[in-house]
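Structure, as structure tokens:
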2 protein chains.
Amino acid sequence: MSGVTNRFLSNATNRIDAKSRVSVPAGFRSVLVERGIQELYCLQDFVYPAISVGGPDLLDRYERQIASVDPFSPEANRMSLLVHGGGVFMRLDAEGRLMVTDFIRDFTGIGTEVTFVGRSDHFQLWQPQAFQDAQAAAREARFSSRPA
Amino acid sequence: MSGVTNRFLSNATNRIDAKSRVSVPAGFRSVLVERGIQELYCLQDFVYPAISVGGPDLLDRYERQIASVDPFSPEANRMSLLVHGGGVFMRLDAEGRLMVTDFIRDFTGIGTEVTFVGRSDHFQLWQPQAFQDAQAAAREARFSSRPA
DNA sequence: TGGGACCATATGGGCGTCAATGGGAAGAGG
DNA sequence: CCTCTTCCCATTGACGCCCATATGGTCCCA
């Protein structure tokens, strides 16, 4: 079924407080509950300056990929460096907020606000303007000729 | 299963004090406890300028790898030189710190700070900047095939 | 149909606990 | 006898856990 509560959809922008916390949009939180996700696995996106956030299954998916090659190969070493060394587990506080660490700030350029972007089976953290730009660029590339 | 306390994940950078000690991140320490690891086996990574740290099982795994290739190959010879000749056992002190020896400094270029990098079944010690660079390079190289 | 009670989300901040760090003193080894 | 290491305790700063407030929207009822 294609209900609304079991997928991460749409986007929202929230403010970061003085303690570097930001509320995860309520809609996303209910998806997390729906999916029984408590531990959040966070990883740098491979293409965009964004942090991907999902359940442990997100990590599983990458690990299966690693397992498919020789574990001692430089290839596997490189993947593990990103997936294991670059990935972080986080949890939300009682109010459904997460910490915006330097790890997240440095990679995304996030300053005072975070744009949450649904990606179906996970969601992402973006610097608001970067998200606008990337979306505009994606639109541009897909529908090549369109006057603004 | 992909619990959080039974694998080494994510990364953290800690300072080395005047006595050349550095705190192992609390998260990593609990994984060590979880796995019943007391003696730490350390050796040089085959690819990167990093020291790999794990339990005695880490040594086992490398020995099996050596055994799986032609024992007279330059490859096996080289691996044995590193694994058997280059490996070191260490222990943590009561506060969960380890000594940063010259063996570690020389191979990694570590100066005043250490970046601890989770690698699932073991973790690594990196010079902070070297880790940043290696990760950026790995991301650049990306995967040959990507998850759907 | 307009007003108001009610509710959920987002946001702000206090406070206790624990990890990270620094340094002193006792013990082992050369 | 001197140095290097190990054990122990003190400090501090970050993070988790808790409760308080604001803001916007919805529903109910007059």
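Keep in mind that the numbers below use all heavy atoms, side chains included, and drop hydrogens, waters and symmetry copies.
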For the helix from C:dT1-D:dA30 to C:dG30-D:dC1, how many degrees between its two end axes (five pairs per end), to the nearest 10°?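 The end axes of the helix from C:dT1-D:dA30 to C:dG30-D:dC1 are about 10° apart, to the nearest 10°.
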Parallel, tilted or perpendicular: which describes the rings of B:Phe123 and B:Phe28, with under 30° parallel and over 60° perpendicular?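 Because their plane-to-plane angle lies in the 30° to 60° range, the rings of B:Phe123 and B:Phe28 count as tilted.
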Using a heavy-atom cut-off of under 4.0 Å over every strand shown, decide if A:Arg91 touches base, sugar-phosphate, or nothing.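 If one applies the 4.0 Å heavy-atom cut-off, A:Arg91 turns out to touch nothing in the nucleic acid.
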Ring centres under 6.0 Å, that's the criterion: do B:Trp126 and B:Phe116 meet it?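 Here the rings of B:Phe116 and B:Trp126 have centres that are no less than 6.0 Å from each other.
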Measuring centre to centre across the rings, with the benzene-like ring taken for any Trp, is B:Tyr41 within less than 6.0 Å of B:Tyr62?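 No, ring centres 6.0 Å or more apart.
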Does B:Glu113, at its CD atom, have more than 12 non-hydrogen atoms belonging to other residues, nucleotides or ligands within less than 6.0 Å?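 Yes, CD of B:Glu113 has more than 12 neighbouring heavy atoms, counting only those of other groups under 6.0 Å.
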Within a strict 4.5 Å, meaning less than it, do heavy atoms of the A:Thr13 and A:Val114 side chains meet?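 They are not in side-chain contact.
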State, with a plain yes or no, whether a side-chain heavy atom of B:Ile51 is found less than 4.5 Å away from one of B:Arg105.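 Result no, sub-4.5 Å side-chain heavy-atom pair not found.
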Tell me, which of residues 93-108 of chain A have any heavy atom that sits under 4.0 Å from an atom in DNA chain C?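 Residues of residues 93-108 of chain A under 4.0 Å from DNA chain C: A:Glu95, A:Arg97.
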Is there a residue in residues 117-128 of chain B whose heavy atoms reach under 4.0 Å of DNA chain C, and which residues are they?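 Here the set is empty: none.
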Does [X] share a hydrophobic cluster with [Y], counting links as ILVMFWY side-chain heavy atoms below 4.5 Å and allowing steps through other members?
{"X": "A:Val33", "Y": "A:Leu9", "answer": "no"}
{"X": "B:Leu43", "Y": "B:Phe89", "answer": "yes"}
{"X": "A:Val47", "Y": "A:Val117", "answer": "yes"}

Just the endpoints, please: which first and last nucleotides of DNA chain D, 5' to 3', lie under 4.0 Å from a heavy atom of chain B?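 Span of nucleotides near chain B: D:dT6 to D:dC9.
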Distance-only donor-acceptor hits, side chain of residues 128-137 of chain A, under 3.5 Å, sequence neighbours excluded:
unit_1	atom_1	unit_2	atom_2	d
A:Gln129	NE2	A:Asp133	OD1	2.9

Is a donor on one side and an acceptor on the other found under 3.5 Å between the side chain of B:Arg91 and the backbone of B:Leu40?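 No; zero donor-acceptor contacts below 3.5 Å.
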Is it true that a side-chain atom of A:Asp57 and a backbone atom of A:Asp60 form a donor plus acceptor pair closer than 3.5 Å?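 Not confirmed, A:Asp57 side chain does not pair with A:Asp60 backbone.
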Can you find a side-chain donor-acceptor pair between A:Gln124 and A:Ser52 that sits under 3.5 Å?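 Looking only at side-chain atoms, A:Ser52 and A:Gln124 do form a donor-acceptor pair, the distance falling under 3.5 Å.
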Checking side-chain polar atoms at under 3.5 Å, does A:Ser80 have a donor or acceptor matched by the opposite partner on B:Arg119?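 Indeed, the side chains of A:Ser80 and B:Arg119 share at least one donor-acceptor pair under 3.5 Å.
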Contacting residues from residues 14-28 of chain A, given that a heavy atom lies under 4.0 angstrom of DNA chain D: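 Output list: A:Lys19, A:Arg21.
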Is the shortest distance from a Lys or Arg side-chain nitrogen in B:Arg61 or B:Asp121 to a carboxylate oxygen in the other one below 4.0 Å?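 Between B:Asp121 and B:Arg61 there is a salt bridge, with a charged N closer than 4.0 Å to a carboxylate O.
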